[in-house]
Amino acid sequence: MDRYEPEQIEPKWQRVWADARAFNVPNPEPGAEDEKRWYQLEMLPYPSAKSLHMGHVFNYTMGDVVTHYHRRNGARVLRPMGWDAFGLPAENAAIREGGHPRDITEASIVLIREQMQRLGWAIDWDREVSSHDPRFYKWTQWLFLRFFERDLAYRRAAPVNWCPNDQTVVANEYVVDGHCERCGALIELRNMTQWFFKTTAYADELREYELPPGGEWPERTKTIQRNWIGRSEGAEILFRVDELDRDIPVFTTRPDTLFGATFFVMAPEHPFVDEYASEAAKEYAKHAGARRAEDRAAEEEKTGVFTGHYATNPVNGEKLPIWVADYVLMDYGTGAIMAVPAHDERDGEFARTFDLPVRTVINEDGVLVDSGEFTGTLANEAKTAIVDWLHKQGRGAPAVSFRLRDWSFSRQRYWGAPIPIIYCDACGVVPVPDEDLPVLLPDVDDYLPKGKAPLASNEEWLHVDCPKCGGPATREADTMDTFVDSSWYFIRYVDPTNDEAPFGRDVVDYWMPVSQYIGGIDHATGHLLYSRFFVKALNDMGMLGFREPFARLYHQGWITMGGTKMSKTKGNLVGPDELVEEYGADAVRLYIMFMGPGDQDKEWSDSGIEGTVRFLRRLWRLVHEVAEQAPTDGEPGPLTRKTHQTIARVSDDIARRFQFHTPISALMELVHALAEDPAAPDARFAAETAVSLIQPYAPHIAEELWQALGHERLWEQPWPVADATALEEETFELVVQVNGKVRDRFEVGVDLSEDELVALALASERVQAHLNGAQVRKTIVVPRKLVNIVVG
RNA sequence: GCCGGGGUGGCGGAACUGGUCAGACGCGCCCGACUUAAAAUCGGGUGCCUUCGGGCAUGCGGGUUCGAGUCCCGCCCCCGGCACCA
């Protein structure tokens, strides 16, 4: 028997699989149905200059186990890989170290692909896509144009999050506590013209999960998304500014407090302020609007200025002074509110600061007071009654408001997909015609961020003829947020070489939605929400036949170092290379799966990997012993049942419980049992099964041992099936309790009646000792488990 | 504050629907075998206390039950989301 030398066998089997195209999965012929299919996907990596870290190894190994499991259970399994290749880190590295972002990115891709191949993951490399490849971003641009045509992508001036460090706009979803999620810099508010995707058009639908049968999302992810979308039901009410003959709408969730309104407040950015407000109010608005939202919220005292105008309360004709104050946000509701200081904490605070009147209109019993004809109504009933009344007057209607904002996706940086838009003095905003796609990202000499897009300085590229009128025009110089790329990359995988369309509908509808998506929960309100938005919109465009991109979603825990998530921004990375070199890919894979439950964070330590290696060596030695010593047609024996139990446990854990560490424990138990007697009549069956079951975790050693046992091509062998009759036992260990405490245990036959079991229990000397002659009050029998004797 | 998740040996964790003295499997540690020695390997031990009968143990306090890590109530702590969103 040779020694277990992973450095010998792993490259060998990787070559065998590649030559056999073991994990390349062609699309089915049209019309091919009645076939199990599985689309296994993990979030694609960002090819940083460094390499994979143990967090990736964990994530992709988990996906790999699932992939092998479903392949060997007869499914056609799609398991692709690609690169989220655009983005700031490569661009910043290029600025820092010289070179071109493309070169840096592509060099990283080469390295990471090699790392992945060394780990032996079952990936269909024919389907590899990279977001920076013109063959990919051509279709990103094409999809943008479809959104643009339907007004789901639009341009407007708005206060946006500006990262002074990255010199670009950041989407709300990636501003955390007022800081840039990527680089940590303090975010500023700037009023800029930006491109937006109209995610709010799908606000309601994004709160619902239209998952296919068997689909399931974690409750906490849905909660996070629903919090983020933040739906509020209420009413929109028109207040009139008589002297200007203008109506100003407000949104409120408390129409029942309408009689308690004593003043009126607008956001600093409200157009009314700029148009009609007093100079003092305009001055205030100018300063307030420029401040960060964080600072606005943090200040102790509320601030504001009277605009010089009054709004009329439609319900009682009262004239309310209109103030401008920064506690009212322009991009929520209508940007203006009716202020009810008695029943709203913030309005109350403002009223105290500026000594404005407070009027209570709901008493402790929740009944309206001082509210005209609605006095005496319960607040809840008053809500609808007042809105009904307003509606009849043409002064209000029920309304729903969302916290969710549209997704700003234009970036003032270089390394991204150009937005295919042309500005013409004569024709305005003109989309680049489909036949002119892709708009190639040109090389530039200088991509230093300067607050405007680097592409804007590339005169040659910038100036084009207008596609409509042929006149002089300029290109949009902003590029797209990389989250646009990742909002559809998973669809491109199913049809990666299509050059007629981003994807063909038939093949997409065959494979999708993704059966199982694995990735970090940090993308709950970003990537995962954007992808759902994309799919719903594409479904409405008739481009695909489903409403959700990901049927089942799983969030792996972080691999931490020093308590914080392993990530390139933190710089606390441990890569797999040294470990693979020292212990082999199988040991690394097995170890990282064995570390604990997949959804929990785990502090990285390699102190336990030795145990995993010991286990593999023991398996190696034992299987060779079995191959030599055990009979080839042995009878079932004591090992047989243990083997079937292990099949059942491993299969159930992987398929149903999605738990990947306990199968390894079960396999270790089986191997221990096998070690008792490697020459046993059923040792060969046990050994073959153990090798077969460990294959998803440690495919190289499994393949080698499978061969040692005289077989071939384990990767395509059917997954073992537990034999139900073999699982049945003839006897079981009866536990006998007295008053709930275990006092004796012994083997009994499974076919005994309850009375017989009780009789046996009572016959036990140890039980008798604890009974002490006391009266038996009651006996409880749990079939196949225990007898509990209750006394005293 | 509101919403969601979680607290089990020295450590990672197991116990899947209330039912095998809770602690599988692994790490670590201790003892032993092999060895001139070490490594590797193999075998054994390892929750706490104990008068060796047993007692106590799953964040804390109560409850339901013949029986609770598992269910219910209250509290403490940790992690995550939302938070001037009208």
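First the proteins, then the strands, lettered A, B, ... as listed; each starts at 1.
- The separation between A:I780 atom CD1 and B:rA68 atom P is 12 Å, rounded to whole Å.
- In this structure the side chain of A:H343 reaches within 4.5 angstrom of the side chain of A:T360, judged on heavy atoms.
- Between the side chain of A:N788 and the base of B:rC66, a donor-acceptor pair under 3.5 Å is found.
- Between the base of B:rC3 and the side chain of A:R226 there is no donor-acceptor pair shorter than 3.5 Å.
- Residues A:I521 and A:D601 each lie close to RNA chain B; by heavy-atom proximity, the contact nearer the 5' end of the strand is made by A:D601.
- Remark: B:rG28 base-pairs with B:rU46; criterion is Watson-Crick or G-U wobble with both hydrogen-bond distances under 3.5 Å.
- Base-pair partner of B:rA33: B:rU41 (Watson-Crick or G-U wobble, both distances under 3.5 Å).
- At a threshold of 4.5 Å between non-hydrogen side-chain atoms, the residues A:T643 and A:L670 count as touching.
- Going from the C1' atom of B:rC2 to that of B:rG55 covers 45 Å, rounded to whole Å.
- Using a 4.0 Å cut-off between charged nitrogen and carboxylate oxygen, A:K222 and A:E219 count as a salt-bridge pair.
- Using a 4.0 Å heavy-atom cutoff across all strands shown, A:P597 reaches sugar-phosphate atoms only and no base atom.
- With both pairing distances under 3.5 Å, B:rC2 is matched to B:rG81 as a Watson-Crick or G-U wobble pair.
- In this structure a side-chain-to-backbone donor-acceptor pair under 3.5 Å is missing from A:D599 to A:Y554.
- For the P atom pair drawn from B:rU65 and B:rG13, the interatomic distance equals 35 Å after rounding to whole Å.
- Between B:rG32 and B:rG26, the distance separating the two P atoms is 22 Å to the nearest Å.
- If you check B:rU51 for Watson-Crick or wobble pairing at under 3.5 angstrom, you find it has no partner at all.
- Checking B:rA40, B:rC16, B:rA86 against the side-chain heavy atoms of A:R657 singles out B:rC16 as nearest.
- Spacing between atom CH2 of A:W604 and atom C1' of B:rC27 amounts to 13 Å, rounded to whole angstrom units.
- For the pair A:R532 and A:W228, the cation-pi test (distance below 6.0 Å, angle within 45°) is failed.
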